[in-house]
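Here's the structure we're looking at; comments come further down.
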There are 2 protein chains.
Amino acid sequence: MKNNISQLRKKHSMTQKELADLLKVSRQTIISLERGKYNPSILLAYQISKLFNKTIEEVFVFEEESN
Amino acid sequence: MKNNISQLRKKHSMTQKELADLLKVSRQTIISLERGKYNPSILLAYQISKLFNKTIEEVFVFEEESN
DNA sequence: TCAAAAAGTAAAGTTAACTTTACATTAATC
DNA sequence: GATTAATGTAAAGTTAACTTTACTTTTTGA
């Protein structure tokens with residue numbers, strides 16, 4: 001599962017710390033999400049999407065590339 | 001957070017066990033999700049939505065009722 | 001109405017999301 | 001090129017998602 005958090009964050013001129021504080025999660029959580037270390041909970045996914053005025057499906061890309 | 005899993009499942013004439021098997025989770029997970037005992041991971045939320053040809057936002061209702 | 005299928009409860013265990021801390025690397029700026 | 005902000009790594013700890021098992025209650029239909 002991929003996501004566009006990093007691009008969206010930069011588009012909004014935010015640092016990882018600022019985003020983490022807004023979402024009330026740790027900076028480590030943002031780093032790990034952006035780097036694809038783990039998948040967010042549905043609640044965090046929703047909060048991130050809402051913050052950037054996107055749907056969950058617009059921020060998180062579930063489909064595997066076709067083989 | 002609310003969800004429409006129970007209605008969607010019944011609309012598709014499935015038992016909890018059938019849905020659990022299709023999603024490759026335990027029956028207990030389906031029961032707990034339908035009863036709102038806990039929130040699904042984003043991956044499970046996606047799989048459920050996809051199964052019913054819905055978006056995550058159509059199956060899972062995040063907004064609180066207005067007060 | 002009784003037997004079986006479906007749905008539900010409870011509780012202990014595992015795993016993965018998320019935190020916390022501490023330190024290393026990269027980018028930006030003076 | 002030294003300093004500082006921003007980003008990244010690592011690792012141990014907590015919490016919540018999910019599993020497993022075992023048993024109870026409700027629904028269904030022969």
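The model shown is predicted, which means the values in this text are computed figures rather than measured ones. Any value given below was found using the heavy atoms of this structure, including those in side chains, with hydrogens, waters and symmetry copies removed.
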Check your understanding: What orientation do A:Phe62 and B:Tyr46 show, parallel under 30°, tilted 30 to 60°, or perpendicular over 60°?
Key -> parallel
Check: A:Ser49 main-chain N/O paired with A:Glu58 side-chain donor or acceptor under 3.5 Å:
no
### Query
Is B:Glu57 reaching over with its side chain to a backbone N or O of A:Thr55, donor-acceptor style, under 3.5 angstrom?
no
By nearest-nucleotide position on DNA chain D, the 5'-leaning member of A:Met14 and B:Ile30 is A:Met14
Practice item. Indicate whether any N or O donor in one side chain lies under 3.5 Å from an N or O acceptor in the other, for A:Thr29 and A:Ser32. Key: no
*asked:* Taking the basic N atoms (NZ, or NE/NH1/NH2) and the acidic carboxylate oxygens, is any pair closer than 4.0 Å for A:Glu18 and A:Arg9?
replied: no
Give the minimum heavy-atom separation between [X] and [Y], together with the two atoms involved.
X: A:Met14; Y: A:Leu22; result: CE-CD1, 3.2 Å
X: A:Leu33; Y: A:Tyr38; result: CD2-O, 3.4 Å
X: A:Leu23; Y: A:Gln47; result: O-OE1, 3.8 Å

Quiz prompt | Sugar-phosphate only, base, or nothing, as touched by B:Ser26 at under 4.0 Å among non-hydrogen atoms | solution = base
Provide, to the nearest angstrom, the distance between the [atom1] atom belonging to [X] and the [atom2] atom belonging to [N].
X: A:Lys10; N: C:dA27; atom1: NZ; atom2: P; value: 11 Å
X: A:Gln28; N: C:dA22; atom1: CD; atom2: C1'; value: 11 Å
X: B:Gln16; N: C:dT9; atom1: CD; atom2: P; value: 10 Å
X: A:Ile31; N: C:dA24; atom1: CD1; atom2: P; value: 16 Å

Sorted by number, residues from residues 34-51 of chain A placing a heavy atom under 4.0 Å from DNA chain C are A:Tyr38, A:Asn39, A:Pro40, A:Ser41, A:Leu44
Checklist entry - Does the side chain of A:Met1 reach to within under 4.5 Å of the side chain of A:Val61, using non-hydrogen atoms? => result no
Q) Is there a side-chain contact between A:Leu51 and A:Leu8, using heavy atoms and a 4.5 Å cut-off? A) no
Its 5'-most and 3'-most nucleotides having an atom under 4.0 Å from a non-hydrogen atom of chain B, DNA chain D is contacted over D:dA17 to D:dT21
OG1 of A:Thr15 to CG of A:Asp21, rounded to nearest 0.5 Å, is 7.5 Å
Axis-to-axis angle across the helix from C:dT1-D:dA30 to C:dC30-D:dG1, five pairs each end, nearest 10 degrees, ~ 50°
